[in-house]
Number of protein chains: 2
Amino acid sequence: MASRKKPEPATAGQGALAFASHDHAGCRGDVLARVATLSPGAGIRLTPVRRRTLEILLESHRAMGAYEVLDRLAAEGFGSQPPVAYRALDYLVEHGLAHRIRRLNAFAACMNPGDDHSPVFFICKGCNGLAEAPARPVRAAVEAAAGAIGFSVERMTVETLGLCPGCQGQGA
Amino acid sequence: MASRKKPEPATAGQGALAFASHDHAGCRGDVLARVATLSPGAGIRLTPVRRRTLEILLESHRAMGAYEVLDRLAAEGFGSQPPVAYRALDYLVEHGLAHRIRRLNAFAACMNPGDDHSPVFFICKGCNGLAEAPARPVRAAVEAAAGAIGFSVERMTVETLGLCPGCQGQGA
DNA sequence: TATCATATGTTATAGCATAACAGGTCAAGC
DNA sequence: GCTTGACCTGTTATGCTATAACATATGATA
């Protein structure tokens with residue numbers, strides 16, 4: 001029931017991450033380039049499976065289930081069992097190159113690798129699109145609430161469900 | 001892999017929701033009383049299964065997996081198949097009497113039913129405790145970020161992972 | 001009392017995720 | 001060179017989470 005099964009209007013998967021048309025080849029290249037400059041220093045080892053996994057996420061430009069990624073990897077000669085995909089995805093998430101979208105049981109490439117960001121995700125229930133936005137103020141507000149009860153925050157997940165600009169007003 | 005399997009220190013499940021000892025019978029009663037006043041008006045129909053499900057969540061005072069709730073229900077003569085638990089839990093969530101904690105694939109009773117609140121959850125990785133806090137400022141910050149890209153937020157999930165006061169400083 | 005909406009229960013199955021083990025690669029140090 | 005250890009990849013097997021589809025019951029209403 002991730003993001004790829006039933007009520008998937010023709011637009012799904014397109015215009016997703018940005019809710020707007022854009023130079024996707026460019027934004028994908030940007031991310032890869034940034035990752036390239038990060039890898040050596042930050043102790044990130046982009047092995048073939050990991051790199052390919054990241055590329056697959058960037059190509060689809062939306063949230064993908066682990067098994068969907070696995071299918072792609074297997075078709076390209078990598079292992080065909082779940083741990084192959086989960087390990088690569090977990091590694092990317094662990095190192096800030098991808099995010100896990102819990103509401104969708106899915107994963108998406110990070111659009112701002114390297115920036116120490118606290119992303120907020122917007123999931124459109126109309127087109128299944130996904131947008132990632134930096135949200136330092138949100139993080140600050142959460143920290144404040146945590147401080148009030150003496151809790152120390154290590155990781156934060158903020159996901160919203162609603163309608164993107166394109167899907168509003170059309171009963172979607 | 002919810003919150004009840006392996007590294008579960010003896011304290012788990014205790015002192016959970018509040019990260020502090022408290023009059024649990026009291027807080028449980030409070031919630032039930034508030035629910036009672038809500039039910040008639042708000043179109044909430046607390047059938048036996050639903051009521052019992054809510055009570056079970058309140059008793060354990062922590063996040064519970066659906067199958068864990070199901071075991072309890074089955075032992076008390078209710079249906080023994082997954083949909084029984086999921087339907088009751090979904091209903092409670094839908095009507096604001098419980099929350100789904102996605103990071104744990106689990107559910108927890110709402111501690112502030114009726115208040116139109118936007119809760120933030122704090123999950124302690126030391127003792128698996130769970131705290132719910134109102135966080136209007138967080139909601140506001142998220143709305144602001146959403147507005148910037150024209151997204152309209154319908155539901156919001158904010159979960160954090162970290163250490164509760166009791167687990168800090170003891171290498172937990 | 002017939003009808004519709006809602007609720008409960010069932011069987012069966014789909015979808016997500018990890019444990020545990022085996023083999024391979026590569027660099028550090030003897 | 002060779003051994004050792006860290007890390008990566010791959011496998012088999014299994015477990016946990018969740019829902020679809022169908023059957024029965026109950027209660028309000030026309």
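Proteins come first, then strands; the chains are lettered A, B, ... in the order of their sequence lines, and each starts at number 1. No experiment lies behind these values; they were computed from the predicted model shown.
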Q: Round to a whole Å and report the spacing from CD of A/E68 to C1' of C/dC16.
A: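 So the CD-C1' distance, A/E68 to C/dC16, works out to 13 Å.
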Q: Round to a whole Å and report the spacing from CZ of B/R103 to C1' of C/dA17.
A: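 About 15 Å, once rounded to whole Å.
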Q: Once the angle between the rings of A/H95 and A/Y91 is folded into 0 to 90°, is it parallel (under 30°), tilted (30 to 60°) or perpendicular (over 60°)?
A: parallel
Q: Separation of B/H95 atom NE2 from C/dT6 atom P, in whole Å?
A: 11 Å
Q: To the nearest Å, give me how far apart CG (A/L70) and P (C/dT18) are.
A: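 Rounded to whole Å, this separation is 14 Å.
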Q: Of all the nucleotides listed (C/dA17, D/dT11, C/dT8), which has the minimum atom distance to the side chain of A/R100?
A: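 From the listed options, C/dA17 comes nearest.
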Q: Report the residue (B/Q81 or B/R50) whose heavy-atom-nearest nucleotide on DNA chain C is the more 5′ of the two.
A: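 Residue closer to the 5' terminus by nearest nucleotide: B/R50.
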Q: Could you check whether A/R72 pairs with A/E68 (Lys NZ or Arg NE/NH1/NH2 to Asp/Glu carboxylate O, under 4.0 Å)?
A: no
Q: Can you see if the side chain of B/R51 gets near the phosphate of C/dA7 - specifically, an N or O under 4.0 Å from OP1 or OP2?
A: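 For B/R51, the contact criterion (side-chain N or O under 4.0 Å from OP1 or OP2 of C/dA7) is not met.
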Q: Quick one: label B/R102 by what it contacts on the DNA or RNA (base, sugar-phosphate, nothing), any heavy atom closer than 4.0 Å.
A: nothing
Q: Give the rounded distance in Å between these two atoms: CD1 of B/I44 and P of C/dA7.
A: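 Atom-to-atom, B/I44 to C/dA7, this comes out as 12 Å.
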Q: What nucleotide, of D/dT19, C/dA17, D/dG10, holds the atom closest to the side chain of B/P82?
A: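 For B/P82, the side-chain atoms sit closest to D/dT19.
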Q: Distance check: side-chain N/O of A/T47 vs OP1/OP2 of D/dT9, anything under 4.0 Å?
A: yes
Q: Can you tell me the distance, in whole Å, between the CD atom of B/E94 and the C1' atom of C/dA7?
A: 16 Å
Q: Does A/Y67 put a side-chain nitrogen or oxygen below 4.0 Å from OP1 or OP2 of C/dG15?
A: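 Result: no.
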Q: Rounding to an integer number of Å, can you tell me how far B/L92 CG sits from C/dT8 P?
A: 11 Å
Q: Between A/Y91 and A/P83, just flag the one whose closest nucleotide in DNA chain D comes earlier from the 5' side.
A: A/Y91
Q: How far apart are the C-alpha atoms of A/E59 and A/R52, what are their side-chain angles, what is the distance that settles it, and do they pass the salt bridge (charged side-chain N to carboxylate O under 4.0 Å, His left out) test?
A: CA-CA 10 Å; A/E59 279 166 17; A/R52 193 66 198 112; 3.5 Å; yes
Q: Of the candidate nucleotides D/dC8, C/dC16, D/dT11, which contains the atom at the shortest distance from the side chain of A/Y86?
A: C/dC16
Q: Picking from D/dA18, C/dT6, D/dC8, which would you name as closest to the side chain of B/R45?
A: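 My answer, after comparing the listed nucleotides, is C/dT6.
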Q: Could you tell me how far apart A/N105 (CG) and C/dA14 (C1') are, to the nearest whole angstrom?
A: 13 Å
Q: If you check every side-chain atom of B/R87, which of D/dC8, D/dG10, C/dG9 has the closest atom?
A: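 Of D/dC8, D/dG10, C/dG9, C/dG9 is nearest to the side chain of B/R87.
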Q: Looking at A/R45, is its backbone amide N or carbonyl O close enough to the side chain of A/R50 to form a donor-acceptor pair, meaning the two atoms are under 3.5 Å apart?
A: yes
Q: For the atom pair OG1 (B/T157) and CZ (A/R103), what is the distance rounded to the nearest 0.5 Å?
A: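 Between atom OG1 of B/T157 and atom CZ of A/R103 there are 4.0 Å.
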